[in-house]
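Input: a single structure, listed below in structure tokens.
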Amino acid sequence: MAPRSDSTQSSTATEPISGASMDPIFHILKVLPYSILRPPRLRLKLPSFTLPSPMTVFALILLTYFMVVSGLVYDVIVEPPGIGSTQDPVTGSVRPVVFLQGRVNGQYIIEGLSSGFMFLLGGVGIILLDLALDKNRAKSVKVSYASAGISSIVLAYVMSMLFIRIKIPAYLR
């Protein structure tokens, strides 16, 4: 018979048996409380969550898009005024100003909201054009969707270009 090597004997002798401990106090502290105490039998119902409707998800995504393109993060961090004012050099009267002229990296709150609304209007126009391509709709509904989509895209583009011309007077001339 072949002799056993010392490495196999020493490794099995030093390893404790799985789940057992050499300390009897640890064993008592581990077993004793659970032999006396019993957990209560609770009849708890797990909460069931239903998925939101597709229109709710769409509305939340659209609202998030509007807040991002309106510069809400900029407005929270910098805290610009809602609307500005300028003094007329001829008459000396103070008049309100919606666009912060000359600063591309700055905005008033109303400027950001109006620009964000124009971007949102253009996005809704693209969605309406997509709905106009549905084959299962009546022709009059498709024409209505297409005309509303085209008009909202054109309106958003024209107003956005007007906003850029007001903000940067020397741009696009």
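Numbers for residues simply follow the sequence, beginning at 1. What's counted below: heavy atoms across the whole structure, side chains too, no hydrogens, waters or symmetry copies. These numbers come from a predicted model, not from an experiment.
Distance check: Asp23 CG to Ile28 CD1 gives 9.0 Å after rounding to the nearest 0.5 Å. Going from atom CG of Leu120 over to atom OG of Ser152 covers 10.0 Å, rounded to the nearest 0.5 Å. The line from CG of Leu63 to CG of Leu60 is 7.0 Å long, rounded to the nearest 0.5 Å. Within the model, atoms OG of Ser144 and CG of Leu131 stand 12.0 Å from one another, a figure rounded to the nearest 0.5 Å. Remark: Ser147 OG to Lys142 NZ distance equals 13.5 Å, nearest 0.5 Å. Going from atom CE of Met67 over to atom CG of Asp75 covers 12.0 Å, rounded to the nearest 0.5 Å.
In this structure, Pro80 and Gln107 approach most closely via the heavy-atom pair CB-O, 3.3 Å. Between Ser85 and Val94, the closest heavy-atom pair is CB-CG1, 3.7 Å. Residues Gly116 and Ser70 share a closest heavy-atom pair of CA-OG, 3.5 Å. The minimum heavy-atom distance linking Gly82 with Tyr108 is given by the pair O-CB, 3.7 Å. Nearest heavy-atom pair across Arg137 and Val141 is CD-CG1, 4.1 Å.
Linking Ile, Leu, Val, Met, Phe, Trp and Tyr whenever their side-chain heavy atoms come within less than 4.5 Å leaves Val98 and Val78 in two separate clusters. Taken together through direct or relayed side-chain contacts under 4.5 Å among Ile, Leu, Val, Met, Phe, Trp and Tyr, Ile127 and Tyr65 form part of one hydrophobic cluster. Put simply, Val76 and Tyr74 are part of two different groups of oily side chains (I, L, V, M, F, W, Y) that touch within less than 4.5 Å, one to the next. Under a hydrophobic-cluster definition in which Ile, Leu, Val, Met, Phe, Trp and Tyr are linked whenever side-chain heavy atoms come within less than 4.5 Å, directly or via other members, Ile166 and Leu113 are assigned to the same cluster.
For Leu133, the CG atom counts as densely surrounded, since its 6.0 Å shell holds more than 12 non-hydrogen atoms of other residues, nucleotides or ligands.
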**Asked** Between Met118 and Tyr157, is a side chain to side chain contact (heavy atoms under 4.5 Å, CB included) present by the stated rule, with each step listed?
**Response** CA-CA 8 Å; Met118 288 302 133; Tyr157 177 77; over 6 Å; no
**Message:** Set out, in order, the CA-CA distance, both residues' side-chain angles and the distance that settles side chain to side chain contact (heavy atoms under 4.5 Å, CB included) for Leu129 and Ile153, then state yes or no.
**Reply:** CA-CA 10 Å; Leu129 285 177; Ile153 288 173; 3.5 Å; yes
**Request:** Assess whether side chain to side chain contact (heavy atoms under 4.5 Å, CB included) is satisfied between Phe66 and Leu62, documenting all intermediate values.
**Result:** CA-CA 6 Å; Phe66 173 72; Leu62 205 62; over 6 Å; no
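Looking at residues two or more places apart in sequence or on another chain, you find a side-chain contact (heavy atoms from CB on, under 4.5 Å) between Leu155 and Leu121, Met159. Annotation: side chain to side chain donor-acceptor pair (under 3.5 Å) contacts of Thr56 (sequence neighbours excluded): Ser53. Every ring pair (Phe, Tyr, Trp, His ring centres under 6.0 Å) that Phe163 has, sequence neighbours left out, goes to Phe99. Annotation: side chain to side chain donor-acceptor pair (under 3.5 Å) contacts of Ser140 (sequence neighbours excluded): none. The salt bridge (charged side-chain N to carboxylate O under 4.0 Å, His left out) test applied to Asp88 returns no partner, not counting sequence neighbours.
Distance alone, capped at 3.5 Å, places no donor-acceptor pair between the Glu111 side chain and the Ile83 backbone. Put simply, the side chain of Ser151 gets close to the backbone of Ala148: a donor and an acceptor are under 3.5 Å apart. In this structure a side-chain-to-backbone donor-acceptor pair under 3.5 Å is present from Lys167 to Arg103.
Using a 4.5 Å heavy-atom threshold, the side chains of Met161 and Val158 count as separate.
Residue pairs meeting the ring-ring contact (aromatic ring centres under 6.0 Å, His included) criterion with at least one member in residues 110-139, sequence neighbours excluded, do not occur.
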